[in-house]
Amino acid sequence: MVPKPIIVTTPPSSSPPLPLLNNKSSSSSLKTIEKPHQNLKPTTTPTQTKPNQKSLVIKRTSSPQVSVFGLIFNTFDHIINNFIDPPIKPSLDPKHVLSNNFAPVTHELPPTQCETIHGTLPPCLDGAYIRNGPNPQFLPKGPYHLFDGDGMLHCLRISQSKATLCSRYVKTYKYKIENEAGYSLIPNVFSGFNSLVAAAARGSVTAARVITGQYNPSNGIGLANTSLALFGNNLFALGESDLPYKVRVTSNGDIETLNRHDFDGKLGMSMTAHPKTDPETGETFAFRYGPVPPFLTYFYFDSEGRKKPDVPIFSMNRPSFLHDFAITKKYAIFADIQIGMNPLDMISGGSPIGSDPSKITRLGFLPRYATDESKIKWINVPGFNIIHAINAWEEDDGKTITLVAPNILSVEHTLERMELVHAMVEKVKINLDTGIVSRQPLSARNLDFGVINQSYTGKKNRFVYAAIGDPMPKISGVVKLDVSKGEVGCRMYGEGCYGGEPFFVAKDEGEEEDDGYLVSYVHDEKKGESKFIVMDAKSPELDVVAAVKLPRRVPYGFHGLFVRDSDLRRVSVS
């Protein structure tokens with residue numbers, strides 16, 4: 001049975017409510033609140049929906065004290081959001097972007113027991129599946145992009161086939177100061193600067209907030225809403241606009257944010273949300289990119305998590321949207337794609353991030369232990385625009401590199417009209433001596449969020465599991481690809497049901513590459529219910545072997561990670 005609706009008592013708001021699926025009803029709505037969810041005091045009512053589970057009535061216990069400066073700046077924000085730069089485009093209209101299961105949940109969820117409704121959770125899943133994604137703590141009153149929300153971790157802790165769900169915000173600097181203030185302070189990066197006038201107006205208010213001490217940008221402005229990574233015996237929540245945030249999962253399944261991690265002062269700026277760990281050496285490879293030279297900087301961490309010196313890449317001669325990359329045993333591979341950063345586009349009312357159809361896409365191959373960029377080799381691969389990389393490896397004694405990745409065919413829609421995006425997984429072979437490139441599509445489907453058995457990272461693998469966009473960013477199922485044959489398996493989630501990125505968990509005793517399970521959260525939009533499903537990665541139908549009903553819905557999000565029990569214990573003592 002689903003818990004009773006949460007009731008939030010708040011003064012009337014002038015902003016229209018957004019649709020929210022907290023429970024079964026798809027018509028429930030969430031009103032704009034000025035006080036963060038965590039400062040609302042829960043009280044119980046006599047009505048019970050389950051044994052030991054009571055419905056909640058949440059009441060505001062206190063109002064934040066807004067300074068004179070805060071009132072002035074909030075007034076300017078109101079003018080900007082309603083008159084100077086209102087959310088006209090559907091891709092920036094919060095009533096559109098945060099509809100259905102993209103709407104935020106209104107509060108954190110402490111560790112809560114779940115019911116297994118199908119099969120039995122396999123022993124190799126003892127550990128924690130954690131999925132990151134945006135969940136704005138305040139409903140936006142101006143433009144909002146899907147990438148802009150505060151990071152929330154949805155953690156399913158599994159022990160002896162029993163599951164517990166916990167949802168917690170990553171306690172970033174941005175989250176904490178806005179939580180204390182009771183309103184947003186830092187403008188949204190992807191939606192707040194979509195014209196020269198808007199950028200100037202929001203930039204001025206932002207500068208004024210800094211000058212008057214409302215926040216200190218040197219402490220970070222990131223959201224940590226994109227992914228997670230485990231390396232150096234540390235677990236991190238990541239977003240590419242800031243340093244990593246170190247987190248841990250407690251013994252009862254709760255999630256704690258420990259600190260903003262700078263690796264003993266050696267990481268002074270941001271890093272990618274997609275670092276790559278070599279399963280044989282334990283080393284982790286990463287980079288950062290930005291709008292000022294060097295537009296790309298490469299670095300790596302040893303097996304103990306100690307950061308090595310930066311390698312600036314000045315041959316990346318213009319800023320590119322470099323979200324992900326790939327590694328082989330010898331190389332780090334970067335894609336200089338047709339999506340880039342061009343602040344001049346704001347003059348005509350455009351976004352500072354956009355596509356350039358005249359640009360020739362190229363791949364850069366840097367020796368992965370390079371101390372400078374002198375040996376990087378760039379090879380043109382026209383029209384190959386990748387946001388995510390799946391895997392890469394060397395062949396022919398290192399003379400040929402094979403890269404598997406989804407190629408975005410409709411690159412002009414990537415950030416603004418995601419429902420029009422079509423990405424086709426390709427296998428690309430590049431001869432480093434001759435520069436000859438051959439390309440082979442592996443499927444005509446709209447696929448992204450491809451994953452592999454992580455023990456094959458950087459070396460030749462056979463199987464890829466990718467999410468089916470229907471349309472993006474909604475995920476209607478998962479496909480199994482054989483990189484030498486194409487599609488060999490498929491599982492659709494059913495009418496009105498959508499999931500996210502699958503994650504492959506290998507069996508403890510598994511001998512073959514696909515001996516394991518795929519896991520994902522799936523939401524039924526008709527019932528307003530979410531569940532965690534486990535699929536047999538070896539079967540042609542990707543058979544569901546176990547399903548767990550979750551105590552409340554889990555919004556759609558980005559990337560996830562499974563952490564085994566043994567790794568959770570090492571993280572907790574590090």
Side-chain angles (χ1 to χ4, degrees), residues 146-147 226-227 240 272-274 276 320-328 333-340 355 361-363 381-393 401-430 437-454 456-458 461-492 498-504 518 520 556-560:
L146 182 63
F147 299 165
T226 306
S227 65
E240 60 200 42
T272 177
H274 289 289
K276 307 297 182 188
S320 183
F321 185 64
L322 219 169
H323 179 67
D324 198 358
F325 77 132
I327 62 167
T328 68
I333 305 169
F334 301 98
D336 187 7
I337 65 174
Q338 290 177 315
I339 303 174
S355 63
T361 303
R362 57 181 186 159
L363 295 175
V381 187
F384 188 56
N385 289 287
I386 68 172
I387 299 295
H388 294 116
I390 298 174
N391 198 24
W393 60 86
I401 301 293
T402 297
L403 172 64
V404 179
N407 178 25
I408 299 176
L409 304 180
S410 44
V411 67
E412 68 275 13
H413 300 307
T414 302
L415 296 179
E416 289 202 355
R417 297 290 304 277
M418 281 187 280
E419 71 277 9
L420 299 179
V421 166
H422 189 98
M424 184 171 63
V425 174
E426 293 188 25
K427 181 171 69 172
V428 181
K429 287 182 175 289
I430 308 100
V437 177
S438 64
R439 297 166 63 174
Q440 175 189 351
L442 296 180
S443 174
R445 290 183 188 260
N446 187 13
L447 303 177
D448 200 353
F449 298 106
V451 298
I452 64 170
N453 182 332
Q454 289 191 313
Y456 287 80
T457 299
N461 74 294
R462 180 180 175 187
F463 297 112
V464 169
Y465 304 91
I468 302 171
D470 189 29
M472 290 295 181
K474 282 191 172 183
I475 305 299
S476 60
V478 60
V479 161
K480 180 179 182 180
L481 302 175
D482 184 322
V483 298
S484 63
K485 298 179 182 178
E487 186 174 322
V488 293
C490 179
R491 159 70 50 179
M492 303 302 292
Y498 301 94
E501 175 192 65
F503 192 87
F504 181 90
L518 296 175
S520 182
Y556 304 131
F558 298 142
H559 303 283

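All values reported here derive from a predicted model rather than from experimental measurement.
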Working to the nearest 0.5 angstrom, can you tell me the gap between [X] [atom1] and [Y] [atom2]?
| X | Y | atom1 | atom2 | answer |
| --- | --- | --- | --- | --- |
| Asp482 | Phe463 | CG | CZ | 5.0 Å |
| His422 | His413 | NE2 | NE2 | 13.0 Å |
| Glu487 | Lys480 | CD | NZ | 11.5 Å |
| Arg362 | Gln338 | CZ | CD | 13.0 Å |

*What residue pairs, at least two apart or across chains, pass ring pair (Phe, Tyr, Trp, His ring centres under 6.0 Å) with a residue in residues 465-487?*
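Qualifying pairs, neighbours excluded: Tyr465-Phe504.
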
*Could you tell me if the ring centre of His559 sits under 6.0 Å from that of Phe449?*
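Yes, they do, as the ring centres are separated by less than 6.0 Å.
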
Of the non-hydrogen atoms in [X] and [Y], which two are nearest, and what is the gap between them?
| X | Y | result |
| --- | --- | --- |
| Leu447 | Ala466 | CB-CB, 4.0 Å |
| Phe325 | Ala389 | O-CB, 3.4 Å |
| Val478 | Pro502 | CG2-CG, 3.7 Å |
| Gly500 | Ser520 | N-OG, 3.4 Å |
| Phe558 | Glu501 | O-CB, 3.9 Å |
| Ala392 | Ile333 | CB-CD1, 3.8 Å |

*Would Ile387 and Ile339 count as a side chain to side chain contact (heavy atoms under 4.5 Å, CB included) if you check the C-alpha gap in whole Å, the side-chain angles of each, and the deciding distance to 0.1 Å?*
CA-CA 9 Å; Ile387 299 295; Ile339 303 174; 3.9 Å; yes

*Test Ser355 against Asn385 for side chain to side chain contact (heavy atoms under 4.5 Å, CB included), laying out the working first.*
CA-CA 10 Å; Ser355 63; Asn385 289 287; over 6 Å; no

4.5 Å side-chain heavy-atom contact, [X] and [Y]:
| X | Y | answer |
| --- | --- | --- |
| Ser443 | Val425 | no |
| Val428 | Thr402 | no |
| Asn391 | Val464 | no |
| Phe384 | Leu403 | yes |
| Asn453 | Asn461 | no |
| His323 | Thr226 | yes |
| Lys276 | Asp324 | yes |
| Ile468 | Met492 | yes |

*Leu322 and Glu240: side chain to side chain contact (heavy atoms under 4.5 Å, CB included), yes or no, with the steps?*
CA-CA 10 Å; Leu322 219 169; Glu240 60 200 42; over 6 Å; no

*Give the intermediate values and the outcome of side chain to side chain contact (heavy atoms under 4.5 Å, CB included) for residues Asn407 and Arg439.*
CA-CA 11 Å; Asn407 178 25; Arg439 297 166 63 174; 3.3 Å; yes

*Among Ile390, Leu442, Val488, which residue meets the side-chain contact (heavy atoms from CB on, under 4.5 Å) test with Leu481?*
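Option passing the side-chain contact (heavy atoms from CB on, under 4.5 Å) with Leu481: Leu442.
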
Enumerate donor-acceptor pairs with a distance under 3.5 Å from any side-chain N or O in residues 470-477 to protein atoms, sequence neighbours excluded.
from   : atom 1 : to     : atom 2 : distance (Å)
Lys474 : NZ     : Glu525 : OE1    : 3.1
Lys474 : NZ     : Glu525 : OE2    : 2.9

*asked:* Any side-chain to backbone donor/acceptor pair from Ser227 onto Ala273? Under 3.5 Å, distance only.
replied: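 Checking the backbone N and O of Ala273 against the side chain of Ser227, a donor-acceptor pair under 3.5 Å is found.
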
*Quick check: does any side chain N or O of Asn446 sit under 3.5 Å from a backbone N or O of Ala423, one acting as donor and the other as acceptor?*
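Confirmed, Asn446 side chain pairs with Ala423 backbone.
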
